[in-house]
Engineer: 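Take this structure first; my questions come after.
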Amino acid sequence: MKEPSGPVLAELTPNFIRNIIDNDLNSNKNNGRIMTRFPPEPNGYLHIGHAKSICLNFGLAQEYNGLCNLRFDDTNPAKEEIEYVDSIKEDVKWLGFDWGNRLYYASDYFEKLYEYALSLIKKEKAYVCSLNAEEIRKYRGTLKEPGIESPYRNRSIEENSDLFERMKKGEFPNGSHVLRAKIDMSSPNLNMRDPVLYRILHADHHRTGSNWCIYPMYDFAHGLSDSIEGVTHSICTLEFEDHRPLYDWMLDELNVFHPQQIEFARLNLNYTVLSKRKLLELVEGGFVSGWDDPRMPSISGLRRRGYTPEAIRTFCERIGVAKSNSVVDMALLEFCLREDLNKRSPRVMGVLNPLKVVIDNYPEELVEEFDAINNPEDSSMGTRKIPFSREIYIEREDFREDPPKKFFRLSPGREVRLKSAYYITCVNVVKDENTGEITQLHCTYDPKTRGGSSEDGRKVKGTLHWVSAAHCVEAQVRLYDRLFTKENPADEKDGHNFKEFINPKSLEILKLCKVEPGLLKALPGSIYQFERLGYFCVDNKESSENLLVFNRTVTLRDSWAKIEKKQ
RNA sequence: UGGGGUGUCGUCAAGCGGUAAGACACAGGACUUUGGUUCCUGCAUUCGGAGGUUCGAAUCCUCCCACCCCAGCCA
């Protein structure tokens, strides 16, 4: 696999966030400073949807000469784990982004956040509420009806300060008290009906250990973390639109630096699911082999499948950024992948379903070596030697005893080219007496077509890939297909569950494949184009010197398949 | 039926009052030692609908319709 020759940048299209930033720059807002952040909660692995957000935040920062922080939103110790922190860092890095020395955690700010909460209490903008969870829900009212004020709403500053301090000290059990903002119980926006700011949680945190037993809620921690870091544009997904008034309220009441929250539509992809909960369900239910199963839309799954960071970044630029809910066609992701791989991956020959061919008029002991071009798209990638001998394997699919119209591969009496080698003509078909299965083909070759072309200018329509039987190496190849058969598996209408739509053919393992000998020294994770078939990468987990394992990353476009389907 | 959003080609998506970019997909054709790549060509007289303003509207106004989000001490 060749390194990308330069920064891979898709053509930049205007979008509403770029417009906002352009305007801010024109008005010299924040003195022209641009800072974004990517704020994952470490409670799961990153997926392609997160890649959109990562590319957006880090990309914008790059584009506008700004900075992008990586900040873990780790305010809920019950769900968060260090394993996730590590995988997230690895994935962001792999995607090609650099947070420099700006790796932050919301938990870094717990002390500061506590102080802010205290000052809200002092301003009579927050109070300790001793209603239980169910009561709070009841008092909140409904979408149509206003809420009712908590009986604890008018506790004195002194009482609130005292209670809050004692909450912090651990004097109360979980759920006995919360700190709430004092806003407006009749607001049509439910988020403004005295939202909870802090809850008591006697739980160890992966970073702060047992230092705290009260933890801030998202709405309180997030905006203030943005503010503390000096983030100028706080980009999040659409469902937080309703939270923006609260975000603004908090920063205004505390009179601190005020970032602008901007919401965009999260990515949806057809034939897969992009929700942490569903993905976790697939992993835990054993429907896939793990977060890095090559069928998973997780970053680690895509990486193991053979996707490149360049392809993912190009994809994220090409899908655009807007506010309307939309579903992107998987075909676009695959297009971006093929486009990158076509330019960068070496060609190689591998036969998935081997059919032996004996070349009757080729000398028994002779072995020739042919030069094969490594990448017709890039001559700097050079050539390699491939061995040829009297017995070879070709793809079973490339022979038809009774060829349909427009089939111009091998069939009885027909001549085809063996890529980089000779023209051969099929003279005999050998079958198993009992099953009728074709076991072997006999062909003759034309010595005057050495290298794969003839001086008489005779045309052959078909060119086949092949390997020398005596020299090839065995390999296991895993054929992957889309994980779900349904375009929108998350549509669980009529009592269906998304797991019912898992594609039973999403993985097919081929154990007796034959590949050219040079592949023996292929590095784990390296990606090749198997000529005429697709792109395959050496599995970075299970391939070894004893057993070469390839994952099919993506097929080549196959126009013959289309023609045949139409017939 | 409260509030917040969104509706431009099959799918994404530009467009910001001057007469519908681009990409994917799809369909033809050329080239080809990968039925790959590449290259041509075609693909929205119309922007959710109806009215209105204007010389001129996807862009402004009015009404209507559809879809998404919100009642966690999750993020």
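Lettering of chains follows the sequences in order, A, B, ..., and the numbering in each one begins at 1.
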Engineer: My understanding is that a pair needs two contacts under 3.5 Å, Watson-Crick or G-U wobble. By that rule, which nucleotide pairs with B:rG56?
Structural biologist: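 Across any shown strand, B:rG56 pairs with none.
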Engineer: Counting any heavy atom closer than 4.0 Å, what does A:L556 reach on the DNA or RNA strands: base, sugar-phosphate only, or nothing?
Structural biologist: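 Counting heavy atoms under 4.0 Å across all strands, the contact made by A:L556 includes a base.
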Engineer: Salt-bridged, A:E63 to A:R18, with N to O below 4.0 Å?
Structural biologist: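 The answer is yes: the pair qualifies as a salt bridge.
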Engineer: Look at the side-chain N and O atoms of A:R199 and state whether any lies under 4.0 Å from the OP1 or OP2 oxygen of B:rA75.
Structural biologist: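 Yes, within the criterion.
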Engineer: Assign each of A:E531 and A:H177 to its nearest nucleotide of RNA chain B by heavy atoms, then name whichever residue's nucleotide is nearer the 5' end.
Structural biologist: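 This one resolves to A:E531.
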Engineer: Over how many whole Å does the gap from A:F315 atom CZ to B:rC12 atom C1' extend?
Structural biologist: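 For the pair A:F315 CZ and B:rC12 C1', the rounded distance is 9 Å.
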Engineer: Using only heavy-atom distances, decide whether a donor-acceptor pair under 3.5 angstrom links the side-chain of A:K144 to the base of B:rU1.
Structural biologist: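 It does, because a donor-acceptor pair links the side chain of A:K144 to the base of B:rU1 below 3.5 Å.
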Engineer: Say you pick atom C1' in B:rG22 and the same atom in B:rA14; how far apart are they, in whole Å?
Structural biologist: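 Roughly 7 Å separates the two C1' atoms.
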Engineer: Would you indicate what A:Q529 reaches in the nucleic acid, counting non-hydrogen atoms under 4.0 angstrom: base, sugar-phosphate, or nothing?
Structural biologist: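 If one applies the 4.0 Å heavy-atom cut-off, A:Q529 turns out to touch a base.
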Engineer: Starting at atom CZ of A:R71, determine the distance to atom P of B:rA75, rounded to an integer number of angstrom.
Structural biologist: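 After rounding, the reported distance stands at 13 Å.
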Engineer: 5'-most contact on RNA chain B: A:E339 or A:G175, nearest heavy atom basis?
Structural biologist: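 It is A:E339, whose closest nucleotide lies nearer the 5' terminus.
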Engineer: Measure CZ/A:F530 against P/B:rG35 and give the value in whole Å, please.
Structural biologist: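 After rounding, the reported distance stands at 17 Å.
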Engineer: What's touching nucleotides 68-72 of chain B from the protein side, N or O pairs under 3.5 Å?
Structural biologist:
residue: B:rC68; atom: O2'; partner: A:N325; partner atom: ND2; Å: 3.0
residue: B:rA71; atom: O2'; partner: A:R140; partner atom: NE; Å: 3.4
residue: B:rG72; atom: OP2; partner: A:R140; partner atom: NH2; Å: 3.4

Engineer: Whom does B:rU62 pair with, Watson-Crick or G-U wobble, provided both distances fall under 3.5 Å?
Structural biologist: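 With both distances under 3.5 Å, B:rU62 matches B:rA50.
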Engineer: Need one value for A:A133: base, sugar-phosphate or nothing, where a base atom within 4.0 Å counts as base even if backbone is also close, heavy atoms only.
Structural biologist: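 If one applies the 4.0 Å heavy-atom cut-off, A:A133 turns out to touch a base.
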Engineer: Establish, with yes or no, whether the OP1 or OP2 oxygen of B:rG28 is under 4.0 angstrom from a side-chain nitrogen or oxygen of A:K566.
Structural biologist: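 It does, given that an N or O in the side chain of A:K566 lies less than 4.0 Å from OP1 or OP2 of B:rG28.
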Engineer: Would a distance-only check, ignoring hydrogens and angles, find a side-chain to backbone donor-acceptor pair under 3.5 Å from A:S87 to A:Y84?
Structural biologist: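 Answer holds: yes.
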Engineer: Checking one value: the base orientation of B:rG4, syn if chi is within 90 degrees of 0, otherwise anti.
Structural biologist: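 B:rG4: anti.
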Engineer: Does a salt bridge link A:D108 with A:R207, judged by any charged N lying under 4.0 Å from a carboxylate O?
Structural biologist: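 Salt bridge between A:D108 and A:R207, a charged N being under 4.0 Å from a carboxylate O: yes.
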Engineer: Which salt bridge (Lys or Arg N to Asp or Glu O under 4.0 Å) pairs, counting each pair once, include a residue from residues 126-136 of chain A, with sequence neighbours left out?
Structural biologist: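 Only A:E134-A:K138 qualify under salt bridge (Lys or Arg N to Asp or Glu O under 4.0 Å).
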Engineer: Are A:R458 and A:E415 within salt-bridge range, i.e. N to O under 4.0 Å?
Structural biologist: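 Answer for the salt bridge query: yes.
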Engineer: Indicate, with a heavy-atom threshold strictly under 4.0 Å, whether A:F408 touches base, sugar-phosphate, or nothing.
Structural biologist: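 Counting heavy atoms under 4.0 Å across all strands, the contact made by A:F408 includes a base.
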Engineer: For A:K565 and B:rG35, what is the distance between atoms NZ and C1' respectively, to the nearest whole Å?
Structural biologist: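 Result: 16 Å.
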Engineer: Can you tell me the base-pairing partner of B:rG36? Count Watson-Crick or G-U wobble geometry only, both distances below 3.5 Å, and say none if there is no partner.
Structural biologist: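 For B:rG36, the partner nucleotide comes out as none, under the 3.5 Å rule.
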Engineer: Test A:Y215 against every option in A:Y198, A:Y114, A:F110 by the ring-ring contact (aromatic ring centres under 6.0 Å, His included) rule and name the one that passes.
Structural biologist: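 Passing option: A:F110.
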Engineer: Looking at A:K385 and A:E369, is any side-chain nitrogen of the basic one under 4.0 Å from a carboxylate oxygen of the acidic one?
Structural biologist: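 The answer is no: the pair does not qualify as a salt bridge.
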Engineer: Quick check on B:rG4: is either OP1 or OP2 less than 4.0 Å from any side-chain nitrogen or oxygen of A:R244?
Structural biologist: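 Answer is no, no contact under 4.0 Å.
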Engineer: Could you give the NZ-to-C1' distance, from A:K461 to B:rG36, as a whole number of Å?
Structural biologist: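 One finds 16 Å between C1' of B:rG36 and NZ of A:K461, rounded.
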Engineer: At under 4.0 Å, does any side-chain N or O of A:R557 touch on OP1 or OP2 of B:rG35?
Structural biologist: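 No, A:R557 has no side-chain N/O under 4.0 Å of OP1/OP2 on B:rG35.
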Engineer: Please state how far atom CZ in A:R409 lies from atom C1' in B:rG36, giving the value in whole angstrom units.
Structural biologist: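 Whole-Å distance recorded here is 12 Å.
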Engineer: Quote, to the nearest angstrom, the C1' distance that separates B:rG17 from B:rA57.
Structural biologist: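 Pairwise C1' distance, B:rG17 against B:rA57, rounds to 6 Å.
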Engineer: Quote, to the nearest angstrom, the C1' distance that separates B:rU32 from B:rU38.
Structural biologist: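 Per the computed distance, 9 Å lies between those C1' atoms.
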Engineer: Taking atom types as modelled and ignoring hydrogens, do the side chains of A:Q261 and A:E263 form a donor-acceptor contact shorter than 3.5 angstrom?
Structural biologist: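 A pair is found: one side chain offers a donor N or O, the other an acceptor, under 3.5 Å apart.
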Engineer: When the P atoms of B:rG3 and B:rG52 are considered, how many whole Å apart are they?
Structural biologist: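 So the two P atoms sit 29 Å from each other.
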Engineer: Measure all distances between protein nitrogen or oxygen atoms and nitrogen or oxygen atoms of nucleotides 15-24 of chain B, and list the pairs falling under 3.5 Å.
Structural biologist:
residue: B:rC16; atom: N4; partner: A:N19; partner atom: ND2; Å: 2.8

Engineer: Would A:W560 pass as stacked on B:rG35, i.e. its ring centre under 5.5 Å from the base's six-membered ring centre and planes under 30° apart?
Structural biologist: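 Stacked: ring centres under 5.5 Å, planes under 30°.
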Engineer: Using the P atom as the point on both nucleotides, what is the distance between B:rA20 and B:rU46, in whole Å?
Structural biologist: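 Approximately 11 Å lies between the P atom of B:rU46 and that of B:rA20.
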Engineer: Between B:rC31 and B:rU41, how many Å separate the two C1' atoms, rounded to a whole number?
Structural biologist: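 Taking atom C1' in both B:rC31 and B:rU41, they lie 15 Å apart.
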Engineer: Specify whether A:H243 and A:F240 have parallel, tilted or perpendicular ring planes, treating 30° as the upper limit for parallel and 60° as the lower limit for perpendicular.
Structural biologist: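 Perpendicular, since the angle between the ring planes exceeds 60°.
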Engineer: Please determine whether a side-chain nitrogen or oxygen atom of A:K459 lies at a distance below 4.0 Å from atom OP1 or OP2 of B:rU32.
Structural biologist: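 No, no such contact exists.
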Engineer: Give me the one residue out of A:I394, A:L418, A:D398 that meets side-chain contact (heavy atoms from CB on, under 4.5 Å) with A:V357.
Structural biologist: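 Only match with A:V357 under side-chain contact (heavy atoms from CB on, under 4.5 Å): A:I394.
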Engineer: Compare side-chain N and O positions of A:S187 against OP1 and OP2 of B:rG3 and report whether any pair is under 4.0 Å apart.
Structural biologist: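 Checking B:rG3 against A:S187, no side-chain N or O comes under 4.0 Å of OP1 or OP2.
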Engineer: Return the nucleotide paired to B:rC67: Watson-Crick means purine N1 to pyrimidine N3 with N6-O4 or O6-N4, wobble means G-U with N1-O2 and O6-N3, both under 3.5 Å.
Structural biologist: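 Across any shown strand, B:rC67 pairs with B:rG5.
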Engineer: Quantified in whole Å, what is the C1' atom distance between nucleotide B:rA58 and nucleotide B:rU8?
Structural biologist: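 About 7 Å, rounded to a whole number of Å.
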Engineer: Would you say A:N191's side chain and A:D242's backbone share a donor-acceptor pair under 3.5 angstrom?
Structural biologist: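 Such a contact is found between A:N191 side chain and A:D242 backbone.
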Engineer: Can you tell me the distance, in whole Å, between the CG atom of A:N342 and the C1' atom of B:rU32?
Structural biologist: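 It is 13 Å, rounded to the nearest whole Å.
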Engineer: Both distances under 3.5 Å, Watson-Crick or G-U wobble: report the partner of B:rU19, or none.
Structural biologist: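 Partner of B:rU19: none.
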Engineer: Specify the separation, in whole Å, of atom CD of A:E334 and atom P of B:rC26.
Structural biologist: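 One finds 11 Å between P of B:rC26 and CD of A:E334, rounded.
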Engineer: Between A:R400 and A:E564, is there a side-chain N and carboxylate O pair less than 4.0 Å apart?
Structural biologist: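 Here A:R400 pairs with A:E564 in a salt bridge, since their nearest N and O are under 4.0 Å apart.
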Engineer: Minimum heavy-atom separation for A:Y152 and A:C129, please, with both atom names.
Structural biologist: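 Result for this residue pair: CB-CA, 4.1 Å.
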Engineer: Looking at A:S326, I'd like to know whether one of its side-chain N or O atoms comes within less than 4.0 Å of OP1 or OP2 on B:rU11.
Structural biologist: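 A:S326 to B:rU11 OP1/OP2: no side-chain N or O under 4.0 Å.
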Engineer: I'd like the C1' distance from B:rC74 over to B:rA13, given in whole Å.
Structural biologist: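 Roughly 33 Å separates the two C1' atoms.
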Engineer: Per the atom types in the model, does the base of B:rG36 pair as donor or acceptor with the side chain of A:E377 at under 3.5 Å?
Structural biologist: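 Answer yes: a donor N or O sits under 3.5 Å from an acceptor.
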